[in-house]
Amino acid sequence: MPARFCILWRVWRISLSYTPPVQDEELRAAEAHIAQLEEELLRLKDVKRDLQSLRAEHQRLRRSAAGRAAKILSAPFRLFRSRKEAKCAEPDEYARWFARRRVSAAELAKLREQSRSFEYRPLVSILTPTFNPDEKFLTEAVESVIAQAYENWELILIDDGSSKSDARALLERLPHRDGRIQIGFQDHGGISSALNAALSRASGDWIALLDHDDVLEPDALFRALELLQTDREADVIYSDEDKIVEGTFAAPLLKPDWSPEFFYTHDYLGHFIVMRRELARPGFRSDFDGAQDYDLLLRALGKTERIRHLPRVLYHWRRTAESTAHNIRRKPGALEAGRRAIEEHLVPQQENARVAIDWETHLYRVRYQIRPEKISIVIKGAKNSDDERIRSRTDFPNFEIVADLREANGRYVLFLDSDLEPMNGTWLIAMMEQLSNPKVGVVGARIISSDDKVESAGLVLFPNGSVHSAFAGCARDFRGANRQLQAVRNYSAVSGSCLLTRRELLQPIVLRAATESVAATSSGGIAWDNSDCEAIAFCLELHEQGWRTVSIPYAELRRTVKSQKSNVACPDLLKRWPKMFQRDPYYNPNLASDRADFSLGKE
């Protein structure tokens, strides 16, 4: 089968790129994924056969005398039912939620007037490649630009050699609709080629990207320029988004603020992107078609990290059978192009890392090379049985288990609750891979409760000083909003139940905390009680110094006794870091404020 051959070929390529134990782990994961796909294929074949049988039986019954009579007699009831269903149909939860948050016509008129008084009013060049556009979809996209409250824009549409006979006529009508619209035509060269043609025509200091079948909210450009009135240093601006599914807004992506490790798992910035035109030079690369935006943004990261987030749904990505919004599996070339883009991005930074594809989620996984330097695993009251228990479940060779931090000799320190059991042998390797990133200061694991539910995948801060465990109570295999439970992800803090850090970072902070709280032991050692508030304080202090905290799904540990509480109150930390608690940068403010399950917030 061609599909299986393609998968096996990618597995073979991955196997050449990794050394044990990574090689074995990647092969096992890929083989398991192939087996799962084959089981699914067999199941679908059975379903297809059953459907064909039912369809044949249905046709036979309709052609029978009894079937024709039933159709005639039921016609009035079918009409009544269809009218009743149409009358009772209501928008789903997200559609209602979004409708309450969109700007009204009256508000839009006020924003338009406000934008005319902006001190900074740069021209924004909107780049839109087209290829065999659907007239209805393209018209909606163009009209969404014309409706923008911020009016200093130009829309540049470049047709990439459409084969539809009416495509040219459709595009040539658009400049008559609005003088700010430009069109161009070229022979078919791919999406990057069309984008570069649009970029070469751009006159604005800023560019924005819009697909020819997507839709902007009317305040999209306004929100970006509103931010620039007070934050002129911003270089890249992105927003939340959703999808258009059968004419309805659905599947919202309510994103965190700039999260580098999360971005390396997939292009979560997506659309809507506004960026300085100079950052887009020398342009898009055809070798990365399908992931050309991702490649461009990764290269921009080599020049800036001044990336800003607008926590509003400002872009609607249309889900069609041809788009990656429908299913990334339909465009495996785009997945591979993104993988190569990340690897190339890491090379200039002299980060010895390779990028794999997680076949379960189709997320990327950056695997930094690690050196087996000693890790001190601190387990309160550790016993000999703890050493035997952890070693039997851990592939990483160089670690010691100690009962107190003062006994630690390792370059790295892992605080671990005594009732946590590793669920896979590579858990410590996976944590060390992330700590090998020179910008990461803390790594946390995913903790699973004794009843196979998520106990904690990271910690979320709330304005009232409470801290909640992310996705607590969710099923272990739950994907989470935008696959966030299954992705390597930045958090403001992680649980002290399983926290890995560098000893060099730990010592000055814990020493100072010990002095301030008189928590030093009588023998001069330092107390660390593994409490979440203490762990949060440690993570937030490192955050102030520019270090990042990461939680990973590839290191799982199970709680062998009753799970701990999913939230904790830390009022003293609220006083010290009020801004972090007021708006946790790694948790969208539109999400629920009474739990950390990443569900929609209420009014």
Side-chain angles (χ1 to χ4, degrees), residues 115-116 118-129 144-145 148-158 180-182 184 191-211 214 216-217 219-241 255-260 262-264 267-286 288 291-312 314-315 338 341-342 344-345 348-349 585:
S115 72
R116 290 170 182 165
F118 279 167
E119 180 182 350
Y120 181 53
R121 288 178 45 83
L123 177 66
V124 180
S125 300
I126 303 172
L127 315 183
T128 301
S144 76
V145 176
Q148 289 300 301
Y150 182 78
E151 299 165 311
N152 193 20
W153 54 262
E154 61 179 1
L155 174 61
I156 306 171
L157 298 113
I158 301 295
R180 292 168 291 182
I181 299 175
Q182 304 176 38
I191 189 169
S192 291
S193 174
L195 282 166
N196 284 332
L199 182 61
S200 68
R201 292 179 174 223
S203 301
D205 290 334
W206 293 80
I207 64 167
L209 305 178
L210 173 68
D211 286 350
D214 296 344
L216 289 175
E217 277 294 292
D219 57 333
L221 292 180
F222 173 88
R223 301 299 176 187
L225 269 297
E226 181 183 42
L227 181 148
L228 289 172
Q229 302 310 303
T230 56
D231 185 0
R232 297 289 178 84
E233 291 187 349
D235 289 327
V236 178
I237 302 169
Y238 68 98
S239 77
D240 298 340
E241 63 188 71
K255 309 169 187 178
D257 288 351
W258 173 232
S259 305
F262 190 43
F263 185 62
Y264 289 155
D267 180 11
Y268 84 87
L269 269 59
H271 297 293
F272 164 63
I273 296 293
V274 177
M275 64 188 299
R276 294 187 189 273
R277 186 180 60 168
E278 63 197 55
L279 289 176
R281 301 187 187 281
F284 300 85
R285 299 192 292 181
S286 295
F288 296 90
Q292 69 286 334
D293 298 357
Y294 196 20
D295 171 58
L296 181 74
L297 288 167
L298 284 163
R299 284 183 284 129
L301 289 183
K303 306 171 186 176
T304 183
E305 286 198 355
R306 294 191 292 270
I307 301 172
R308 308 293 189 254
H309 171 218
L310 300 170
R312 293 180 65 94
L314 298 175
Y315 191 94
I342 302 172
E344 186 172 308
H345 165 70
Q349 303 177 50

- Query: Do E119 and Q229 pass the side chain to side chain donor-acceptor pair (under 3.5 Å) test, and can you show the C-alpha distance, the side-chain angles, and the key distance before you say yes or no?
  - Reply: CA-CA 7 Å; E119 180 182 350; Q229 302 310 303; over 6 Å; no

- Query: Salt-bridged, R276 to D235, with N to O below 4.0 Å?
  - Reply: yes

- Item | salt_bridge(R223, E226) N-O dist < 4.0 Å | yes

- Note on the structure: ring-ring contact (aromatic ring centres under 6.0 Å, His included) filter on Y264, not counting sequence neighbours, yields H345

About how many Å separate [atom2] of [Y] and [atom1] of [X], when rounded to the nearest 0.5 Å?
X    : Y    : atom1 : atom2 : result
N152 : R121 : CG    : CZ    : 5.5 Å
E151 : L123 : CD    : CG    : 13.0 Å
I207 : L296 : CD1   : CG    : 6.5 Å

List the atom pairs, donor and acceptor, that lie under 3.5 Å between side-chain atoms in residues 195-204 and the rest of the protein, sequence neighbours left out.
| unit_1 | atom_1 | unit_2 | atom_2 | d |
| --- | --- | --- | --- | --- |
| N196 | OD1 | F284 | N | 2.8 |
| N196 | ND2 | S192 | O | 3.3 |
| N196 | ND2 | F284 | O | 2.8 |
| S200 | OG | A197 | O | 2.7 |
| R201 | NH1 | I183 | O | 3.0 |

- Query: With distance as the sole test, does R299 use its side chain to make a donor-acceptor pair with the main-chain N or O of G283 at under 3.5 Å?
  - Reply: yes

- Task: Please confirm whether the backbone N or O of E154 pairs with a side-chain atom of S125, one donor and one acceptor, at under 3.5 Å?
- Result: no

- Task: Over 60° means perpendicular and under 30° means parallel, so classify the ring planes of Y268 and Y238, tilted if in between.
- Result: perpendicular

- Considering the options K255, H309, R312, which one meets the side chain to side chain donor-acceptor pair (under 3.5 Å) requirement together with D240? H309

- For S144, all residues meeting side chain to side chain contact (heavy atoms under 4.5 Å, CB included), sequence neighbours excluded: V215, L216

- Task: Please tell me if the side chains of I237 and F272 come closer than 4.5 Å, counting only heavy atoms from C-beta onward.
- Result: no

- Query: Taking the side chain as C-beta and beyond, is there a heavy-atom pair between L210 and V145 under 4.5 Å?
  - Reply: yes

